[in-house]
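Inspection log for the structure reproduced underneath, given as structure tokens.
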Amino acid sequence: QDPSPPPPDSWDKARPGVRHRTTLEHLYSLTRPISELWLSAMDSWIPDRIRRKGPEEQRRARLSLSVVSFCAVLSIVSPLLEVKRGTPAVTFAGIGLTAAMLSLFPLMKRTGSTRLVGNLMVLCYFTFVAVVTIMTGTTAPIGRLAAPAVPLLAFLLCGLRAGLAWSLL
């Protein structure tokens, strides 16, 4: 007999020995095609010289491009919410940020430098947060919520030194 059987709720009581899929396993099976599609899209922008450096550098490149994608989407959505409040200038800043973020994909493909792309992404994000905070005033929620993310993004994308340097700004 197996010394460590799975939890009793994952076994089918009507059919002994048949195991049900847990909720996490079911969720994983639903999201797996989406995540594989996402990874293949991100991998198409990663040059071969990064892949040759090893899995850690490839993970960093995937993370950089995923964060760039996420921030590009947020830079479109959040300014559109500001238009309702009557600050269309923030919308234009968001469109500019989106264009800057999307230009980082070909830059990654051409240079193969995850640190350069990561620092430029943090610079774009920092500039956007600063511009939006200046345009809307210091009480804007985006400034209070997004400003602490700048050194965190730099740390995740570029390493400890870059995170410390960006935290001084």
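These figures come from a predicted structure and were not determined experimentally.
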_Quiz question: by atom type and distance under 3.5 Å, do the side chains of Trp38 and Ser69 form a donor-acceptor pair?_
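Checked: Trp38/Ser69 side chains show no N/O donor-acceptor pair below 3.5 Å.
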Quick one: closest heavy-atom pair of [X] and [Y], and the distance?
| X | Y | value |
| --- | --- | --- |
| Asn119 | Cys158 | N-SG, 3.3 Å |
| Met42 | Phe105 | CE-CE2, 4.1 Å |
| Ala154 | Gly163 | CB-CA, 3.8 Å |
| Lys109 | Ser44 | NZ-O, 2.9 Å |
| Leu153 | Val67 | CD2-CG1, 3.6 Å |
| Ala149 | Tyr125 | CB-OH, 3.9 Å |

Side-chain heavy-atom pair [X], [Y] within 4.5 angstrom cut-off:
| X | Y | result |
| --- | --- | --- |
| Met121 | Ser64 | no |
| Gln58 | Asp43 | yes |
| Glu57 | Arg52 | no |
| Arg51 | Ile46 | yes |
| Arg59 | Leu63 | no |

*asked:* Please determine whether side chain to side chain contact (heavy atoms under 4.5 Å, CB included) holds for the pair Leu152 and Trp166, giving the CA-CA distance in whole Å, both sets of side-chain angles, and the decisive distance to 0.1 Å.
replied: CA-CA 9 Å; Leu152 178 66; Trp166 278 102; over 6 Å; no
[X] side-chain N/O to [Y] backbone N/O, donor-acceptor pair under 3.5 Å:
| X | Y | value |
| --- | --- | --- |
| Ser167 | Leu164 | yes |
| Arg115 | Ala162 | no |
| Arg62 | Leu39 | no |

_The criterion is ring pair (Phe, Tyr, Trp, His ring centres under 6.0 Å); which residues satisfy it with Phe155, sequence neighbours excluded?_
none
*With Leu104, which of Leu116, Leu65, Val68 fulfils side chain to side chain contact (heavy atoms under 4.5 Å, CB included)?*
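Result: among Leu116, Leu65, Val68, Val68 is the only option passing the side chain to side chain contact (heavy atoms under 4.5 Å, CB included) with Leu104.
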*Rounded to the nearest 0.5 Å, what separation is found between the CG atom of Leu157 and the CG atom of Leu120?*
11.5 Å
